[in-house]
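In what follows, a structure is listed as structure tokens, so that the remarks can point back to it.
Order of appearance sets the numbers: ligands from 1, and atoms from 1 within every ligand.
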Amino acid sequence: MTTDYEFPYPSPELAAQHPFVPLEFERLDEAEMVARAERFRAHMSTRRSVRMFASEPVPRHLIELAIDAASTAPSGAHKQPWTFVAISDPSVKRAIRMAAEEEERVNYLENRMNDEWQQALAPLGTDHHKEFLERAPWIVVLFEQRYEQLANGDRRKNYYVKESCGIAAGLFIAALHHMGLATLTHTPSPMAFLTTLLARPDNERPFVMFPIGYPMPSTLVPDLARKPLDEVMVVLE
Ligand code: IYR
């Protein structure tokens with residue numbers, strides 16, 4: 001196929017309609033790349049899901065920085081189909097805990113999670129008690145925007161909403177860990193109660209929630225190992 005314009009992309013027509021700007025990119029030498037990559041990997045490998053939080057407050061600004069970092073995630077057609085609701089109000093946290101524990105009670109004690117599922121969770125030691133939802137100084141609930149609701153009442157499609165929110169959630173977790181906070185991805189199932197409780201609009205559905213804080217000094221976590229590289233990577237070269 002031939003084009004009537006010269007590399008680099010975009011064509012003059014596209015550029016006239018949708019401006020492009022030069023990429024900000026710093027080319028590093030390979031030794032520096034390896035050093036950074038190893039530091040990052042080592043730091044990420046110290047991240048653990050935490051369920052035992054200190055009640056010590058966390059400044060709101062830190063939560064804002066983590067949400068701002070998460071919101072740099074790539075998204076389908078750059079629709080950024082996410083809303084992060086950050087809660088420190090004790091009465092709202094309590095209401096979330098009560099509703100989540102009721103859902104989880106049905107999951108664990110009335111077998112909405114079947115035996116195979118409950119056996120898979122046994123090493124984690126989880127049950128229907130969710131005290132961390134009140135103890136953690138912040139809960140952030142990430143809502144996916146199933147479609148975009150315009151002010152005039154019209155709707156616009158969003159694309160790859162789950163993928164986009166999953167990536168944003170990953171960046172959020174990394175941002176929190178990087179700044180020295182602990183969190184847990186918590187998905188009490190079903191989570192519909194969060195839409196009502198947090199008065200979110202109809203186009204939003206809860207995707208995942210994150211209790212956030214400092215770990216309790218004596219925090220214990222399950223003694224888990226991560227899969228080695230050769231189990232998670234396939235190379236074709
Ligand atoms: N949502 C429940 C159960 C649970 C499910 C999975 I998959 C986990 O990795 C951990 C917990 C709960 O939060 O207890």
### Query
Which residue holds the protein heavy atom closest to atom 4 (C) of ligand 1, what is that atom called, and what is the gap in Å?
L121 CD1, 3.6 Å
### Task
Only heavy atoms count here, so choose which of E103, H128, E104 is nearest to atom 1 (N) of ligand 1.
E104
### Message
Counting only heavy atoms not in M33 (residues, nucleotides, ligands), do more than 12 fall under 6.0 Å from its CE?
### Response
no
### Message
When you measure from the heavy atoms of T187 to every atom of ligand 1, does any distance fall below 4.0 Å?
### Response
yes
### Task
For T126 and Y108, run side-chain hydrogen bond (donor to acceptor under 3.5 Å, both in side chains): C-alpha distance rounded to whole Å, both residues' side-chain angles, the deciding distance at 0.1 Å, then the answer.
CA-CA 9 Å; T126 54; Y108 283 92; 2.7 Å; yes
### Message
At less than 4.0 angstrom from any non-hydrogen atom of K130, what atoms of ligand 1 do you find?
### Response
12 (C), 13 (O), 14 (O)
### Query
Centroid-to-centroid, F210 to F84, below 6.0 Å?
no
### Query
Can you find an N/O atom of N107 closer than 3.5 Å to an N/O atom of ligand 1?
no
### Message
Check whether Y147 forms a cation-pi arrangement with R155 (NZ or CZ under 6.0 Å from the six-membered ring centre, at most 45° off the ring normal).
### Response
yes
### Message
Under 3.5 Å between any N/O of W117 and any N/O of ligand 1: does that happen in this structure?
### Response
no
### Message
Return the closest protein heavy atom for atom 3 (C) of ligand 1 as residue, atom name and distance.
### Response
Y108 OH, 3.3 Å
### Pairs where residues 36-46 contributes a residue and the test salt bridge (Lys or Arg N to Asp or Glu O under 4.0 Å) is met, not counting sequence neighbours
E32-R36
### Message
Give me each pair satisfying salt bridge (Lys or Arg N to Asp or Glu O under 4.0 Å) with a member in residues 169-187, each pair once, sequence neighbours excluded.
### Response
none
### Message
Counting only nitrogen or oxygen atoms and a 3.5 angstrom limit, does H186 reach ligand 1?
### Response
yes
